[in-house]
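Structure record follows, encoded as structure tokens.
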Amino acid sequence: MSNAEIGLIGLGTMGAALALNIADNGFDIAVWNRTEATTQRFVAEAGALCERITGTQTLEEFVASIAPPRAIILMVPAGKVVDDQIAALRPLLGPDDLIIDAGNANFRDTNRRAQEAGELPFLGIGVSGGEEGARFGPSIMGGGNRTHWDRVAHILKAISAKYKGEPCATWMGQEGAGHFVKAVHNGIEYADMQMIAESYGIMRDGLGLDHGAIAETYAEWDKGPLRSYLIEISGKVAATTDPQTGQPMLDVIVDAAGQKGTGRWTAIEAQHLAAPIPTIEAAIVARNLSSQRDARTAGEALFGAAPRRLPHDIVTVSTLSKALIAGKILCYAQGFDMIAKASDEFGWALPLPAIAEVWRAGCIIRSDMLDDMADALRDDPNRNLMMAPNFAKILSNTHGALRHVVAQSAMHGLATPALSSGLAYFDAMRTARGTANMIQGQRDFFGAHGFARIDGGTDQHGPWGA
Ligand code: 6PG
């Protein structure tokens, strides 16, 4: 019987990578998977790391292999599987044994599980970075009781990505706070990806660039203010050729985006919180719409394809990069604003600057810009990020490019839902006197809902007449 420092259940792609990462960082780990053969194969393929790994055949053997008080990571599919696994595990555990759900759980499930656990130790942690991140350094967003986090923080920090030596593993707050922050991460991930996809469409259909030129453009952008993992991989995706046909890979991929749902949760929660996140919502809508392929094809046959091709030089790749910078700042401003609202609503005291810091490395949305965002949020976490001096200055220099790109795209039938939403957000956020006075008038007219007068007085009513 070994005395593993930690255990892990679920040797799928992410679980296996995380287990190897833990072993690689010098921790003895016990592993168990529902399918026995998967465990055997995992240990057999672990190479030199197998010395630190105890493969177990039963849940009882697994639990007995871990030194008490135990810490056990669950890396199983989100939803009922997590509940079933907890139910199977708890009777075998002592009162101090800690269960850590490291899957992509809905934070409301994590809240419930934390409540059901009562005094029994339970953490919900968001893990970002895909398989590569899980193996060599993910970004980790922890939620639950702080003392339980502190028990395993040394392991989680050791296996996490490092930004200039600082571990990207941080406790976010009670209950589902870690999974909530992960959900917003995924909402921003969807938006970042959608805005890049829109820039790709403008280059491909608007400017008529071939995939080589598009790949070079992303590679170039990756050296400047847009430097980020998603820009980097977009360049690599655009540069790749299909070995079967010799065509660019992008030309052989069906234009219907999949989704597991975590980005969607962000939009649902934003509605509950009345948090305006139009860029993220537009990105989710765009994914949903992309899957309506037959309807889109019928639409093109009915109305004809839009011209899409932009007049020569009317939009340059340099203008496009500025538009993307503006869109990105506006999207992150929305995401952090939503986090601030959730923090108030759930009483979590979510650490906004630390969230920007934990996203600087390891996760899918990692980028240089997040370091500046961390500085801006440290300076004043209560201010909308787009108003922070540094970002206000960049926006002042780029919102014109965003307007130009969105306007030209609209004129020529190139769909830019995420970039357009960012522009509308920007314009609304710099309009002191908006148009909701009309909505208040309408509400009072048909329902006597009352309104506030600008010269004083709340719950006023209009003399609407007939
Ligand atoms: C991450 C990712 C990851 C996500 C996949 C797929 O941070 O590592 O967000 O958790 O599940 O990227 O997401 P979709 O299937 O929803 O696109």
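Quick note: residue numbers are just sequence positions, from 1. Both counts, for ligands and for their atoms, begin at 1 and track the order of listing.
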*asked:* Less than 4.0 angstrom from a charged side-chain N to a carboxylate O is my criterion; do Glu269 and Arg108 meet it?
replied: yes
*Shell of residues surrounding ligand 1, defined by a 4.0 angstrom heavy-atom cut-off that is strict*: Asn104, Ser128, Gly129, Gly130, Lys182, His185, Asn186, Glu189, Tyr190, Gln259, Lys260, Gly261, Arg287, Ile364
*Is the closest basic N to carboxylate O distance between Glu175 and Arg112 below 4.0 Å?*
no
*Please determine if Lys341 and Asp344 form a salt bridge, counting it only when a charged side-chain N lies under 4.0 Å from a carboxylate O.*
no
*Using 4.0 Å as the upper bound for N to carboxylate O, is an ion pair formed by Arg360 and Glu166?*
yes
*asked:* Salt bridge check, Arg135 against Glu131: does any charged N sit closer than 4.0 Å to a carboxylate O?
replied: no
*Which residues pass the ring pair (Phe, Tyr, Trp, His ring centres under 6.0 Å) test with Trp265, sequence neighbours left out?*
none
